[in-house]
Engineer: 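Mind looking over this structure? Questions follow.
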Amino acid sequence: MFRIGQGYDVHRLVPGRPLILGGVKIEHEYGLLGHSDADVLLHAVMDALLGALALGDIGTHFPPSDPQYKDADSGKLLETVWQMVTSKGYRLMNLDATIVCERPKLKPYIDAMRENIASLLATDIGQISIKATTEEGLGVSGSGGVAAHCMLFLSSQNRKE
């Protein structure tokens with residue numbers, strides 16, 4: 001059985017917060033505003049995984065109203081989501097994500113993000129693709145935000161799924 005998931009997240013850049021994308025700290029004067037560490041890339045990955053198996057979204061599993069998730073490490077949350085996925089007999093075939101932001105330039109950090117996500121999902125880095133783009137001063141990134149889109153493909157050996 002095969003499942004496809006799609007995830008999207010967006011947060012606003014603000015002073016006084018670290019910028020964390022794909023579990024990697026990015027050198028920048030602004031960070032993302034959110035209840036957790038606001039890692040839009042890992043949030044999009046989690047929503048894609050949950051969506052592929054019709055398990056809701058990250059807000060359902062890690063509600064922003066719950067104080068235990070204040071400043072939570074999104075990598076730890078992704079590990080929890082990945083346990084849900086693997087407990088149902090699924091494995092990742094591939095993941096393709098795009099980060100949308102005007103600045104900073106993310107190329108120097110892409111490989112570290114790929115390595116981190118591959119490690120969190122216990123998979124080969126060759127199954128993880130991450131790209132970065134801008135919106136040429138328009139859209140979410142043009143108005144001071146960072147967004148991430150993720151598509152992924154899961155496979156199961158369980159014929160009853």
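Side chains are part of it too, since the values below use all heavy atoms of this structure and drop only hydrogens, waters and symmetry mates. FYI, the numbering just counts along the sequence from 1.
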Engineer: Indicate, with yes or no, if I20 and L120 share a hydrophobic cluster defined by side-chain heavy-atom contacts under 4.5 Å among Ile, Leu, Val, Met, Phe, Trp and Tyr.
Structural biologist: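 Different hydrophobic clusters.
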Engineer: Could you pull out every donor-acceptor pair under 3.5 Å between side chains of residues 42-62 and any protein atom, sequence neighbours left out?
Structural biologist:
unit_1	atom_1	unit_2	atom_2	d
H43	ND1	D9	OD2	2.9
H43	NE2	S36	OG	3.3
H43	NE2	S74	OG	2.9
D47	OD1	I58	N	2.8
D57	OD1	G59	N	3.1
D57	OD1	T60	N	2.9
D57	OD1	T60	OG1	2.9
H61	NE2	L55	O	2.7

Engineer: Applying side chain to side chain contact (heavy atoms under 4.5 Å, CB included) to L78 and D39, what does each step give before you reach the verdict?
Structural biologist: CA-CA 11 Å; L78 178 55; D39 186 330; over 6 Å; no
Engineer: Supply the atom-to-atom distance Y90 OH to L152 CG, rounded to the nearest 0.5 angstrom.
Structural biologist: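 Result: 12.5 Å between the selected atoms.
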Engineer: Spell out, yes or no, whether Y69 and M84 are grouped together once hydrophobic residues are joined by side-chain heavy atoms under 4.5 Å, including indirect joins.
Structural biologist: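 Linked, Y69 and M84 end up in one cluster.
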Engineer: Using the rule that two of Ile, Leu, Val, Met, Phe, Trp, Tyr join whenever any of their side-chain heavy atoms come within less than 4.5 Å, decide whether L154 and I4 are in one cluster.
Structural biologist: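 Shared cluster, no.
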Engineer: With sequence neighbours left out, what residues match H149 under ring pair (Phe, Tyr, Trp, His ring centres under 6.0 Å)?
Structural biologist: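 Per chain and number, H149 pairs via ring pair (Phe, Tyr, Trp, His ring centres under 6.0 Å) with Y8.
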Engineer: Just grab all the salt bridge (Lys or Arg N to Asp or Glu O under 4.0 Å) pairs involving residues 64-85, residues at least two apart or on different chains.
Structural biologist: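 Found R17-D71.
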Engineer: Under 3.5 Å, which donor-acceptor pairs do the side chains of residues 94-102 form with other protein atoms, sequence neighbours left out?
Structural biologist:
unit_1	atom_1	unit_2	atom_2	d
D96	OD1	S129	OG	3.1
D96	OD1	K131	NZ	2.4
D96	OD2	K131	NZ	3.2
T98	OG1	K131	NZ	3.4
E102	OE1	G137	N	3.3
E102	OE2	E135	N	3.0
E102	OE2	E136	N	3.4
E102	OE2	G137	N	3.1
E102	OE2	S141	OG	2.9

Engineer: Hydrophobic cluster membership, with links at side-chain heavy-atom distances under 4.5 Å among I/L/V/M/F/W/Y: are V146 and I110 in one?
Structural biologist: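 In one cluster: yes.
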Engineer: Between L13 and L19, is the side chain to side chain contact (heavy atoms under 4.5 Å, CB included) condition met? List the steps.
Structural biologist: CA-CA 8 Å; L13 285 165; L19 178 57; 4.1 Å; yes
Engineer: For atom OH of Y30, decide whether the heavy atoms of other residues, nucleotides or ligands shown that lie under 6.0 angstrom number more than 12.
Structural biologist: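 Check fails, neighbour count at 12 or below.
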Engineer: Would you check, one step at a time, whether the test side chain to side chain contact (heavy atoms under 4.5 Å, CB included) holds for R103 with E29?
Structural biologist: CA-CA 10 Å; R103 57 186 200 91; E29 66 268 26; 2.9 Å; yes
Engineer: Applying ring pair (Phe, Tyr, Trp, His ring centres under 6.0 Å) as the test, list every pair that has at least one member in residues 102-144; sequence neighbours left out.
Structural biologist: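 Residue pairs passing ring pair (Phe, Tyr, Trp, His ring centres under 6.0 Å), neighbours aside: none found.
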Engineer: Strictly by side-chain hydrogen bond (donor to acceptor under 3.5 Å, both in side chains), give each pair with a member in residues 110-119 just once, sequence neighbours left out.
Structural biologist: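 Residue pairs with at least one partner in residues 110-119: there are none.
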